Amino acid sequence: MKNFTQFLFLIAVLLIGAGRVQAQGILTTGAHAGGGDALAPASIVSPDSIYVNTDSRPAFAGGDAALTTYLTKNIRYPEAAMRQHVSGRVYVSFVLNREGRVTDAHVVRGPGYGLNEEALRLVWLMPNWAPARQQGQAVRVACTIPINFDTQK
């Protein structure tokens, strides 16, 4: 019986802790990710924070079609991947700063064979984007894009 009571107490503590985390998430959802120990009200825009969900999303100059055209036009299929007939999708995460420039780019997942490095090269060379905006102010925003490689093209 004592073990059962301890088990129930542990469950109650975990549930209370989960409720606290959920309550904190409500205050910051849509506001920003990261940025300090204290909770900031959702109405304050922090220039140093990296946002995930913003009032207006960042936009590649010319839209999604122009992004696809840029990637298609500038891609250089790595020789090692061509020899091995390696196709796949590389996911690249990066932060767009307040001016719309790419910073902190890195590969989240990819097949290798030089495809990851080529995807990073393409992202680092992208022209500036229209920045994301939160409450009318340009803010830094985290982005992830997939870049497809196909040996059939």
Side-chain angles (χ1 to χ4, degrees), residues 13-82 84-153:
V13 168
L14 290 174
L15 289 174
I16 290 170
R20 196 172 304 138
V21 170
Q22 184 177 10
Q24 290 174 353
I26 291 170
L27 289 174
T28 60
T29 298
H32 69 328
D37 296 332
L39 290 176
S43 62
I44 295 176
V45 175
S46 172
D48 296 328
S49 293
I50 298 174
Y51 289 74
V52 177
N53 294 317
T54 55
D55 294 339
S56 68
R57 304 287 302 152
F60 188 83
D64 291 341
L67 175 59
T68 301
T69 301
Y70 164 79
L71 294 172
T72 304
K73 184 177 178 181
N74 294 294
I75 200 165
R76 291 189 220 143
Y77 216 98
E79 192 62 36
M82 283 294 254
Q84 297 292 324
H85 301 287
V86 175
S87 297
R89 184 175 288 167
V90 179
Y91 292 90
V92 180
S93 284
F94 54 95
V95 173
L96 287 174
N97 68 14
R98 290 180 286 179
E99 291 79 37
R101 285 192 307 267
V102 171
T103 63
D104 305 326
H106 64 278
V107 172
V108 175
R109 186 174 73 209
Y113 293 91
L115 299 179
N116 298 355
E117 291 80 7
E118 177 60 10
L120 268 177
R121 184 189 74 81
L122 289 168
V123 168
W124 279 116
L125 294 176
M126 282 193 289
N128 288 358
W129 294 47
R133 296 201 169 272
Q134 184 70 21
Q135 298 177 1
Q137 296 179 23
V139 294
R140 298 181 339 156
V141 66
C143 301
T144 300
I145 62 170
I147 300 177
N148 295 313
F149 290 87
D150 188 2
T151 56
Q152 302 302 317
K153 291 184 179 181

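Predicted model, so just to flag it, every value in this text is computed and none were measured.
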Those residues at least two apart in sequence (or on a different chain) that pass side chain to side chain donor-acceptor pair (under 3.5 Å) with Thr69 are none
Please name all residues satisfying side chain to side chain donor-acceptor pair (under 3.5 Å) with Glu99, sequence neighbours left out, ordered by chain then number.
Asn97
Would the distance check show the side chain of Thr54 and the main-chain N or O of Ser56 forming a donor-acceptor pair, the cut-off being under 3.5 Å?
yes
Looking only at heavy atoms, what is the nearest atom pair of [X] and [Y], with distance?
| X | Y | value |
| --- | --- | --- |
| Ala66 | Ala61 | CB-O, 3.3 Å |
| Val52 | Arg57 | O-NH1, 3.0 Å |
| Ile50 | Val141 | CG2-C, 4.1 Å |
| Phe94 | Val102 | CB-CG1, 3.9 Å |

Report the C-alpha distance between Arg133 and Asp55 in whole Å, list the side-chain angles of each, state the deciding distance to 0.1 Å, and finish with yes or no for side-chain contact (heavy atoms from CB on, under 4.5 Å).
CA-CA 6 Å; Arg133 296 201 169 272; Asp55 294 339; 5.6 Å; no
Take Val45 and Tyr51, measure what side-chain contact (heavy atoms from CB on, under 4.5 Å) needs, and give me the verdict at the end.
CA-CA 10 Å; Val45 175; Tyr51 289 74; 3.5 Å; yes
Start with the C-alpha gap between Arg101 and Asn128, add the side-chain angles, then the distance that decides, and say whether side chain to side chain donor-acceptor pair (under 3.5 Å) holds.
CA-CA 5 Å; Arg101 285 192 307 267; Asn128 288 358; 5.2 Å; no
Sequence neighbours excluded, the answer for ring pair (Phe, Tyr, Trp, His ring centres under 6.0 Å) partners of Tyr91 is none
All salt bridge (charged side-chain N to carboxylate O under 4.0 Å, His left out) counterparts of Arg121, not counting sequence neighbours:
Glu118
Qualifying residues under side-chain contact (heavy atoms from CB on, under 4.5 Å), relative to Asn74, sequence neighbours excluded
Tyr70, Leu122
Ignoring hydrogens and angles, write down the donor-acceptor pairs under 3.5 Å from the side chains of residues 103-116, residues two or more places apart or on other chains.
residue, atom, partner, partner atom, Å
Thr103, OG1, Val95, O, 3.0
His106, ND1, Asp104, O, 3.4
Asn116, OD1, Gly112, N, 3.3

Can you tell me how far apart CE (Met126) and CG (Leu71) are? Round to the nearest 0.5 Å.
7.0 Å
Can you find a pair of side-chain heavy atoms, one from Val92 and one from Trp124, that are under 4.5 Å apart?
no
